[in-house]
Amino acid sequence: GLQDLFNPEGPELKINRDKNGVAFPGIKEHVVRDGDHFRELYEDGHQHRVITATKMNPESSRGHAALFIQIKSVPRDDPGGENRAGKLFLIDLAGYERFSKTGVQEGKMAQEAKTINA
């Protein structure tokens, strides 16, 4: 399922697609003050990622992750200045690992390894 890493106990998220793009109703949003605040929020979300050690990778992601950043720049000293906006999408795909080399033989991790990139 789709989980909000800023609200890991929350309900599973849904994806809404329309002519304007993609939306995730109920996703938690933050207004970031500066770089330190961004790093703090990033680490908060990152700690909720599900990872497991395999023979190939000590921190193998068990699911994909996406971070959507909307940037708005408003000039502070020039009220008539140009406002700017942009979007940045960071996607971390769960690692594809050759199943035979992971050391995973059965159970939940085996099922995850088979379905990560299915």
Linking Ile, Leu, Val, Met, Phe, Trp and Tyr through side-chain heavy atoms less than 4.5 Å apart, which residues share a cluster with Leu5?
none

Using salt bridge (charged side-chain N to carboxylate O under 4.0 Å, His left out) as the criterion, list what pairs up with Arg17, not counting sequence neighbours.
none

Excluding sequence neighbours, so at least two apart, what forms side-chain hydrogen bond (donor to acceptor under 3.5 Å, both in side chains) with Gln47?
Asp44

Joining Ile, Leu, Val, Met, Phe, Trp and Tyr whenever any side-chain heavy atoms lie under 4.5 Å apart, the cluster holding Val31 also takes in none

Hits for side chain to side chain contact (heavy atoms under 4.5 Å, CB included) against Tyr42, two or more places apart or cross-chain, chain-then-number order -> Phe38, His46, Leu67

Residues in side-chain hydrogen bond (donor to acceptor under 3.5 Å, both in side chains) contact with Asn20, at least two apart in sequence or another chain
none

CD1 of Ile15 to CZ of Phe24: how many Å apart, nearest 0.5 Å?
5.0 Å

Residues two or more places apart in sequence or in another chain: which of them pass side chain to side chain contact (heavy atoms under 4.5 Å, CB included) with Leu41?
Phe6, His30, Val32, His37

Under the rule for salt bridge (charged side-chain N to carboxylate O under 4.0 Å, His left out), what residues qualify as partners of Glu82, not counting sequence neighbours?
Arg84

Taking all non-hydrogen atoms of both residues, which atom of Ile91 and which atom of Ala66 are closest, and how far apart?
CD1-CB, 3.6 Å

Separation of Ile71 CD1 from Leu88 CG (nearest 0.5 Å):
5.5 Å

Among all residues two or more places apart in sequence or in another chain, which pass the side chain to side chain contact (heavy atoms under 4.5 Å, CB included) test with Pro8?
Gln3, His48

Results of salt bridge (charged side-chain N to carboxylate O under 4.0 Å, His left out) for Asp34 - residues two or more places apart only:
none

Which residues pass the side chain to side chain contact (heavy atoms under 4.5 Å, CB included) test with Asn7, not counting sequence neighbours?
Asp4

Which side-chain N or O atoms in residues 73-80 pair as donor and acceptor under 3.5 Å with protein atoms at least two apart or in another chain?
residue, atom, partner, partner atom, Å
Asp78, OD1, Gly80, N, 3.4
Asp78, OD1, Gly81, N, 3.4

